[in-house]
Structures are given as C-alpha cells and as structure tokens.
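The block underneath contains the structure these notes are about, expressed in structure tokens.
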Amino acid sequence: MADSIKRKDNKGRILRENEQQRADGRYMYTYKDPTTGKKAYIYSWKLERNDKTPAGKKIDLSLREKEKLIEKDLREGISYKAGGLTVLELVERYISIKTKVRPTTRAGYKTVINVLREDAFGKKKISDIKTSEAKMWLIGLQDGGRSYSSIHSIRGVVRPAFAMAVEDDLIRKNPFDFELAKVLINDSVKRDALTPKQERDFLKFIKEDEHFSQFYDGMFILFKTGLRISELCGLTIRDIDLQERTINVYKQLQYTGGKKAYIEQTKTDAGTRVLPMSDEVYEAFKRVISGRKKPRVEQMIDGVSGFLFLDKKGKPMVAYHWEKKFQHSVEKYNKIYKVELPKITPMYAGILIARTWQSLAYL
C-alpha cells in the first residue's frame with residue numbers, strides 16, 4: 001500500500017508499474033529493450049490522452065498512449081534496436097545489398113551518402129522520422145540550392161531504403177511515400193523544341209564555322225539518329241556497316257568524374273538495336289571513318305578499341321566533351337546572329353528523332 005501511495009502523480013492519480021513523474025512534472029516509463037536487455041525510457045508531459053500539455057511544451061502523445069504503441073510493436077515484432085538505426089546507417093545498409101548496379105548508379109549512391117553525412121537529418125533515428133519531417137527535409141534541400149532533379153535522385157535512394165525498413169519490421173510506415181511534385185517546386189529546365197528551320201540553320205552554322213566544323217558530322221549524327229551521347233561515344237569502326245547502311249548499337253562509353261572511362265551494355269534489350277542510315281547519315285559516317293586519324297596506339301577500354309570519335313590526344317571522346325562543344329557553339333551562334341536558340345545538349349539533340357523511331361516501330 002505504501003508503494004502505491006508513493007507512486008501517485010501531482011494530481012493524485014495512481015501510477016502503474018514502471019511509471020513515474022519526475023520533479024519537473026514530466027512523466028517517464030521504463031521498459032526493457034528486448035534486443036539489448038538494457039533499460040529504455042519514454043517521456044511525455046501528459047499521462048492520459050485528455051490531459052492538457054503545459055504551456056510552452058511540445059504537443060505529443062501521452063505516456064500511456066506511447067506505452068500501448070510499445071506493447072503493439074513488441075507483439076508485431078518491431079525491433080527497437082533496428083528502429084534506433086540512423087537514416088545514414090539505414091541507407092548504408094540498403095546500399096550494401098545493392099551489389100549488381102552500374103558504376104553510374106554507384107556514384108549516385110555515394111552522393112546520397114555524402115549528403116546524409118553532412119546533414120543533421122542523417123543522424124536522426126529512422127523510428128523518429130515522420131512524413132512531415134521527411135517533407136521538410138526535402139524542402140530544406142531545395143531552399144539550400146539543390147535542384148528538383150537532384151533531390152528527386154536523393155529521394156530515389158532514401159525512399160526504397162525506408163521501404164526495406166518497413167519490410168523488415170523495423171518501422172511501420174515509410175515516411176517518404178508521398179508525391180514529390182506536390183511538395184517541391186519543379187525547377188527542371190524546360191527545353192523548347194527546335195523548329196526545323198532552327199535545326200537547319202544551326203547545323204549550317206556548325207558546318208561552315210572555322211572551329212566547330214570538325215564536330216559537324218558527330219552533331220549531325222546525333223540530331224538525325226536519336227543516339228544517346230554515350231552510345232555515340234561508344235561506337236567503333238566495326239559497329240558501322242556502310243554496305244548495309246546500318247548502325248549496330250549495343251554498348252555505351254561512360255565516364256564518371258575522377259574515374260576512368262568504361263564500357264557499359266545498353267540498359268535494356270530494347271536499347272540494343274540496329275539503326276538504318278538515311279543517305280545524309282550514311283555520308284556523315286563515311287566522312288568520319290575516312291577522316292579518322294589512327295592513333296599511334298589504339299586505346300582499349302574493357303576489351304573494346306577502334307572508337308570513331310577521338311580527341312586531340314587520340315583518346316575516345318566522352319559525353320563531357322560533346323556537352324562543351326554544344327554549349328560553346330550555341331553561345332557563339334547566339335552572339336553572332338543575336339538570336340536565342342534554346343539550350344541544346346547531346347541528349348536534347350536526339351530526343352525528337354528518337355521519338356520518331358519509337359513511333360515508326362508501331363507502324
């Protein structure tokens with residue numbers, strides 16, 4: 001009886017076993033973590049749901065509501081130890097099981113890890129993350145200067161990591177299960193389509209320019225075939241059949257900043273294809289092959305050699321080279337003709353023709 005009297009709160013209510021009220025008025029519940037065997041604690045300024053939260057204190061569940069959640073978690077097998085993982089630790093665990101990924105994907109994982117290491121959000125426990133907090137974190141990234149596409153990629157790693165935690169019974173709900181476009185401003189660059197006349201004028205400028213004319217055939221091929229820039233860079237002499245007038249596309253030449261170039265197979269079976277050449281594309285490839293200066297030593301990358309497009313040092317050109325060629329040529333064009341061509345990139349150049357090939361496939 002004496003023990004029961006001692007365990008009353010300041011309102012005279014009898015406290016249950018393992019409940020107590022601290023000197024500052026906050027309630028505390030003590031329980032044994034089943035995974036560590038050590039004592040764990042939960043706190044609240046309210047004992048029961050209908051109690052009022054003291055002025056100036058954070059609104060929260062009552063202690064007994066939290067006790068019920070703990071009991072439910074124990075019945076459902078939620079692991080408190082795993083639930084104590086930080087966001088960074090969870091993402092690292094998720095990435096550790098993604099062993100068969102492309103180098104470009106692996107580089108993307110590294111970026112996400114670096115973001116979480118530098119951000120306080122990465123140190124938060126996954127069991128404490130609510131949907132509102134997940135949204136506020138992403139909004140904060142955008143306010144901090146990150147683009148919509150960059151944040152989309154970051155969420156593309158964090159979201160499935162939390163989905164894995166749900167599947168493993170570490171948490172009940174994935175806080176990143178929401179539509180990103182309803183939370184962030186999509187500031188992705190919108191590319192206006194070139195008109196047929198703009199395309200003709202631009203290519204004519206490239207062909208006649210003293211400096212950029214050396215890149216005319218490559219740019220023309222990109223515009224007229226719908227090849228990805230990495231696919232163009234990966235083309236070798238053996239991939240071009242001038243007799244049958246076809247382009248054999250089955251690989252890409254990729255380059256991750258700070259690393260060596262490497263060969264990557266096309267992403268899907270649909271990506272592996274044989275493209276027919278128009279008469280103009282055929283003539284462009286003829287000029288590329290006949291004008292190609294064979295380097296003193298043919299560079300071999302992952303067993304592949306004989307690349308069509310080489311830089312001044314005789315090494316295969318990569319996407320970065322073409323990005324700069326397009327950028328500088330558009331800037332020069334706009335300066336001379338005082339017009340404003342939309343931003344043109346190697347990827348952009350092939351979009352319309354690629355869609356045309358897709359449409360023809362259904363005819």
Side-chain angles (χ1 to χ4, degrees), residues 104 107 111 145-150 153 187-236 240 247 252-262 264 280-281 283-295 299 301 307-355:
T104 47
T111 297
R146 288 191 177 274
S147 67
Y148 180 89
S149 59
S150 173
S153 298
D187 58 1
S188 300
V189 176
K190 294 182 178 179
R191 308 198 192 282
D192 298 321
L194 284 180
T195 66
K197 183 179 184 305
Q198 285 176 321
E199 181 183 317
R200 289 194 302 271
D201 290 346
F202 177 69
L203 286 173
K204 181 175 183 293
F205 162 75
I206 296 298
K207 188 175 184 178
E208 296 175 354
D209 185 81
E210 182 179 356
H211 172 68
F212 292 111
S213 58
Q214 61 185 308
F215 308 110
Y216 169 77
D217 287 320
M219 292 182 175
F220 183 87
I221 290 168
L222 280 169
F223 268 104
K224 301 300 183 180
T225 63
L227 286 168
R228 297 183 180 89
I229 181 58
S230 55
E231 293 172 339
L232 180 82
C233 294
L235 288 178
T236 66
I240 308 305
I247 311 164
Q252 305 173 59
L253 179 62
Q254 298 281 10
Y255 182 85
T256 303
K259 296 182 180 180
K260 296 180 179 179
Y262 61 92
E264 185 174 84
E280 291 176 311
V281 170
E283 294 298 332
F285 271 115
K286 276 181 63 178
R287 289 191 295 270
V288 171
I289 293 174
S290 62
R292 179 182 182 274
K293 295 180 180 179
K294 187 173 182 179
Q299 184 170 358
I301 301 175
F307 294 95
L308 281 181
F309 297 96
L310 307 175
D311 62 16
K312 292 180 180 179
K313 297 180 180 180
K315 296 182 178 181
M317 292 179 67
V318 294
Y320 174 79
H321 296 134
W322 288 103
E323 288 279 0
K324 288 301 179 183
K325 306 307 177 191
F326 272 95
Q327 177 188 337
H328 295 154
S329 60
V330 170
E331 289 173 353
K332 185 174 182 179
Y333 180 95
N334 288 343
K335 184 176 181 180
I336 292 175
Y337 295 100
K338 300 187 183 303
V339 297
E340 200 61 38
L341 283 180
K343 183 178 179 180
I344 304 173
T345 67
M347 181 179 294
Y348 168 83
I351 288 177
L352 294 180
I353 192 67
R355 289 176 180 170

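Of all non-hydrogen atoms in Leu232 and Gly218, the two that sit nearest each other are CD2-O, 4.1 Å. For the residue pair Asn334 and Leu341, the shortest heavy atom distance occurs at OD1-N, 3.0 Å. The minimum heavy-atom distance between Cys233 and Ala319, with the atom names listed, is SG-N, 3.7 Å.
The shortest side-chain heavy-atom distance between Ser329 and Met219 falls under the 4.5 Å cut-off. In this structure the side chain of Lys207 never reaches within 4.5 angstrom of the side chain of Phe220, judged on heavy atoms. Side-chain contact between Tyr216 and Arg287: present, with at least one pair of heavy atoms (C-beta onward) separated by less than 4.5 Å. A heavy-atom distance below 4.5 Å is not found between the side chains of Lys335 and Lys332. Looking at heavy atoms from C-beta onward, Glu199 lies in side-chain contact with Lys224 at the 4.5 angstrom threshold. With a 4.5 Å cut-off on side-chain heavy atoms, Leu308 and Thr236 do not count as touching.
Using a 30° and 60° split on the angle between ring planes, Phe202 and Phe326 fall in the parallel class, below 30°. Taking the six-membered ring where the residue is Trp, Tyr337 and Tyr333 present tilted rings, their angle falling between 30° and 60°. Relative ring orientation between Phe215 and Trp322 is described as perpendicular, the plane-to-plane angle rising above 60° on a 0-90° scale split at 30° and 60°.
In terms of the salt bridge (Lys or Arg N to Asp or Glu O under 4.0 Å) criterion, residue partners of Lys197 (sequence neighbours excluded) are, by chain and number, Asp201. Partners of Lys204 by salt bridge (Lys or Arg N to Asp or Glu O under 4.0 Å), not counting sequence neighbours, listed by chain and number: Glu208.
Between Ser153 atom OG and Tyr148 atom OH the span is 10.5 Å, to the nearest 0.5 Å. The line from CZ of Phe309 to NE2 of His321 is 14.0 Å long, rounded to the nearest 0.5 Å. One distance of note links NZ of Lys312 with CD of Gln214; it measures 7.0 Å at 0.5 Å rounding. To the nearest 0.5 Å, the span separating CZ on Arg292 from CZ on Phe307 amounts to 9.5 Å. Rounding to the nearest 0.5 angstrom, the gap separating the CD atom in Glu264 from the CG atom in Leu253 is 10.0 Å. Between Leu310 atom CG and Lys293 atom NZ the span is 11.0 Å, to the nearest 0.5 Å.
Heavy atoms from other residues, nucleotides or ligands lying under 6.0 Å from CD of Glu280 number 12 at most.
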Query raised in the report: How far apart are the C-alpha atoms of Ile221 and Ile247, what are their side-chain angles, what is the distance that settles it, and do they pass the side-chain contact (heavy atoms from CB on, under 4.5 Å) test?
Result: CA-CA 11 Å; Ile221 290 168; Ile247 311 164; 5.5 Å; no
